[in-house]
Amino acid sequence: MNPLKKIPVIIDCDPGIDDVMMLLLAFSSEDLDIKLITTEPGNQTQNKTIYNARAFTSYMKQDIEIARGLDEPFFRVLEVAAEVHGESGLGDVILPEPTLPESNRTAIDAMKDVLLRSEEEIVLIATGPLTNIGALFLAHPEVKKKIKYISYMGGAAIGGNMTPTSEFNVYVDPHAAEIVFRSGVPIVMSGLDVTHKAYITLDEIAEIEVTGTELAQNICSLLKFYIHNTKRTAFHEEHFERVIRLHDLCAVSYVITPELFDGDDCHVEVELEGRLTAGTTVVDYTQRTGLPQNVKVLHTVKREEFVQQFFAAIKKMDHYNKGEKRDET
Ligand code: RIB
Ligand code: CA
């Protein structure tokens, strides 16, 4: 990657515990130029996700516009994941009051303006339901030509975490997801197939904890809340009591270090009607449909390097959080 050329990105998220880990990695990267953060209803309500985004971005001393997204999915009634991310959306961690204000632009208007005014193509990083991006494409299809690709945490080729076949982000708003998947904009999908392999172990969390800093303690509290409550929701994941899957981190890690991942180009559509399968991403791994292979579906990650990247991000932001200058490496 050109060391001098930063990648312009917009981040659309629903903080959410793993969304916060994703933001930490994004803030730590010298390779990203974060133009805008927009928030989705998903892990929690829009009021809570935008508050959490403002609080964590302020806590990390970042000066980035944060714009409010829509309140509800296109047609489905919003189902939040309080049982996993807590009533606040950030487990039992209380961050300082945010200093960053909410943007006076809506997420849709802000994304439209940033994309159309950009001289170069922008990467969209999305780690929640796709309600905002689906609405953006319906209202302003002219922005599509300014998007290099969407790095998306969502969906699954095999197995779900909300129903036996559907993943949470797509399940919450399958109609918006289908609008995005059929948009023609290139997508790199970090579905459960790869995020189930992108895990951190209790021993690795202990390595973070021994640093003893406030940021490390907050990160560990969030991760422990996540693993404890994931167990209660009986997600059908083996070993889920001993590891935590850093789902959303994959969407940023791929943009920064694509070499850590491997995947296949496939046709992907979203099932909207199935009594048992609504919200399922139907991944045509063997080109049975003969339809365009619109999505790179990731299935492999170099886990150790992925975790080391996360460790380095915590270390870098820890110094930064104490007011020390980040090392430029
Ligand atoms: O299925 C995992 C996804 O759902 C992650 O984005 C997590 O934050 C939740 O939104
Ligand atoms: Ca998320």
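Remember, it's 1-based here, ligands and their atoms both numbered in the order they're listed. Position 1 is the first residue of the sequence, and the numbers go up from there. Being a predicted model, the structure only gives us computed values, none of them experimental.
- For the pair K148 and E120, the salt-bridge criterion is not met [side-chain N within less than 4.0 Å of a carboxylate O].
- Stacking of R76 on the aromatic ring of Y171 is recorded, both the 6.0 Å distance cut-off and the 45° axial limit being met.
- Each of T39, D14, D71, T131 was checked for a side chain to side chain donor-acceptor pair (under 3.5 Å) with Q46, and the lone residue meeting it is T39.
- Between the side chains of E204 and Y199, no donor-acceptor pair of N or O atoms lies under 3.5 Å.
- Taking every heavy atom of both residues into account, A157 and M189 meet most closely at N-CE, 4.5 Å.
- Between H85 and Y226, the ring planes are tilted. Angles from 30° to 60° get that label.
- Looking only at heavy atoms of the protein, atom 8 (O) of ligand 1 is closest to D18 OD1, 2.5 Å.
- Summarising the local packing, CG of L116 is surrounded by more than 12 heavy atoms from other residues, nucleotides or ligands at distances under 6.0 Å.
- Because the distance cut-off is set at 3.0 Å, E40 fails to qualify as a neighbour of the Ca ion (ligand 2), as none of its N, O or S atoms comes that close.
- If you number the atoms of ligand 1 from 1 as listed, the ones under 4.0 Å from a heavy atom of D14 come out as 10 (O).
- Contacts between D19 and ligand 1 below 4.0 angstrom, taking non-hydrogen atoms only, involve the side chain exclusively.
- Vertex the Ca ion (ligand 2), arms ending at O of T127 and OD2 of D248: the angle is 90° after rounding to 10 degrees.
- For the residue pair Y152/N169, the side-chain donor-acceptor check at 3.5 Å is not satisfied.
- Which parts of ligand 1 touch T127 is read off a 4.0 Å heavy-atom cut-off, strictly below it: atoms 6 (O).
- Set against the non-hydrogen atoms of N43, the atoms of ligand 1 under 4.0 Å away are 7 (C), 8 (O), 9 (C), 10 (O).
- The angle subtended at the Ca ion (ligand 2) by OD1 of D19 and OD1 of D14 is 80°, given to the nearest 10°.
- Nearest-residue assignment for atom 1 (O) of ligand 1 (options H247, H85, M21, E167; heavy-atom criterion): E167.
- Given atom 6 (O) of ligand 1, the protein heavy atom at minimum distance is D248 OD1, 2.5 Å.
- Heavy-atom proximity to M153, at under 4.0 Å, picks out these atoms of ligand 1: 2 (C), 3 (C), 5 (C), 6 (O).
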